[in-house]
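Just follow the structure's listing: the first ligand is 1, and inside any ligand the first atom is 1.
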Amino acid sequence: MRTLIAALKTHNNAYYVLDNPMIEDSEYDQLRLSLIELEEEYPDLVQPDSPINQVGDVPLSAFTQVTHDLPMLSLGNVFDYDDLSDFMRRVNDRLSVAQQNPEYEMEMKLDGLAVSLKYEYGQYVQAVTRGDGQTGEDITQNVKTIRNLPLWLADAKDIELLEVRGEVLMPKAGFERLNRLAEENGEKTFANPRNAAAGSLRQLDPAVAASRPLAFYGYSVNQGLPERIDTQSGALAWLGDIGFTVSAVRVVANPREAQAYYESVIEKREKLPFEIDGTVIKVNSLALQQQLGFLSREPRWATAYKFPAETVMTRLHTIEWQVGRTGQITPVGKLEPVKVGGVTVSNVTLHNFGEIQRLDVRAGDMVSVHRAGDVIPKVTRVWEE
Ligand code: I6G
């Protein structure tokens with residue numbers, strides 16, 4: 001049973017998190033079946049971390065509201081190097097001379113949904129959405145079906161209450177598969193992986209949630225962290241050690257190093273298996289975090305260093321017809337200039353008359369313009385309302 005569980009965990013991670021299956025689905029099913037048979041034969045030996053009961057309980061009629069022990073706050077934003085330096089200067093202003101220029105921890109800002117998990121003596125007991133920050137919805141049954149979520153933490157069996165927060169997301173490949181399937185079945189498709197993840201967590205039937213390719217990435221320990229751990233980077237390393245998936249961490253010393261990390265993440269962005277919308281920078285020392293505290297609803301010791309928006313709204317003033325060298329006529333939308341993907345855009349190709357008909361776009365419309373990476377900007381939507 002232990003061998004089968006270890007193999008299933010490896011393959012769940014390869015499939016749901018890395019999106020790189022190592023065996024055929026039929027072989028995977030065979031492994032699962034072998035474990036189910038052993039569990040039926042030896043019910044007393046069913047292991048607490050068995051992935052078999054991770055496929056969804058009975059449907060709910062509604063979600064219960066749960067008040068967070070500690071509020072789930074949000075992060076402030078910075079968008080460029082100057083804002084980032086200002087943030088780090090403001091941190092310094094609140095620290096003593098001896099505490100100046102603290103170490104910072106950085107990680108990617110995953111574009112998912114924040115959830116709070118609770119484990120009692122190592123056993124998974126609850127998952128709650130962020131909600132309004134004070135009160136969220138109990139989504140314990142749905143989150144339980146997430147394949148890379150540890151249900152049993154052997155290394156935390158002596159911890160009365162462990163609260164881990166993190167992000168539930170749908171990897172890009174799983175999202176595309178899900179939408180392709182929905183299209184084939186004539187069902188509604190999701191606009192993006194984040195919406196798909198949100199829709200999956202809101203399912204009242206956990207069996208539906210179980211069929212969705214979701215993953216959980218931990219980003220903080222809010223209760224029950226062993227006392228010997230005194231940094232955010234240490235907390236994440238510990239989460240990784242006890243069985244959680246966590247994203248990679250970089251410790252930086254100054255704004256230049258922070259900027260270099262941010263730029264290295266932008267470089268990697270397209271190739272990542274999931275969507276991100278920036279990076280997060282936190283004072284690494286947990287004691288200094290405590291000392292710095294909060295301003296209204298945001299921590300003073302952390303901020304999101306966001307990527308430039310890739311989809312923005314603007315007005316399409318007119319449509320002009322350009323005649324190319326070969327005589328081909330191309331409609332070009334003249335936009336109210338707008339910053340998208342880090343550059344200012346004032347013209348957008350509408351390709352051909354068919355595209356204008358498809359979008360039903362007219363002079364004077366409010367439109368969404370999308371520009372990602374080096375790809376030319378395009379109109380993705382017309383806002384009729
Ligand atoms: O919304 C968030 C995403 C990622 C966070 C966060 C985070 O750390 C990587 N950290 C904090 C402290 C908060 N929100 C409030």
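Using a 4.0 Å cut-off between charged side-chain N and carboxylate O, E320 and K334 make a salt bridge.
Checked against the 6.0 Å centroid threshold, F307 and Y262 count as a close aromatic pair. Aromatic rings from Y217 and F244 are positioned such that their centres are separated by 6.0 Å or more.
Using modelled atom types and a 3.5 Å distance limit, the side chains of N12 and Y28 yield a donor-acceptor pair.
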If you apply the rule side-chain hydrogen bond (donor to acceptor under 3.5 Å, both in side chains), what do you find for R381 with S368, and how did you get there? CA-CA 5 Å; R381 165 164 192 188; S368 286; 5.6 Å; no
Close N/O pairs between ligand 1 and protein, under 3.5 Å:
residue: ligand 1; atom: 1 (O); partner: R130; partner atom: NH2; Å: 3.3
residue: ligand 1; atom: 8 (O); partner: K282; partner atom: NZ; Å: 2.9
residue: ligand 1; atom: 10 (N); partner: K282; partner atom: NZ; Å: 3.0

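Pairs engaging residues 135-175 under the ring-ring contact (aromatic ring centres under 6.0 Å, His included) rule: none recorded [sequence neighbours left out].
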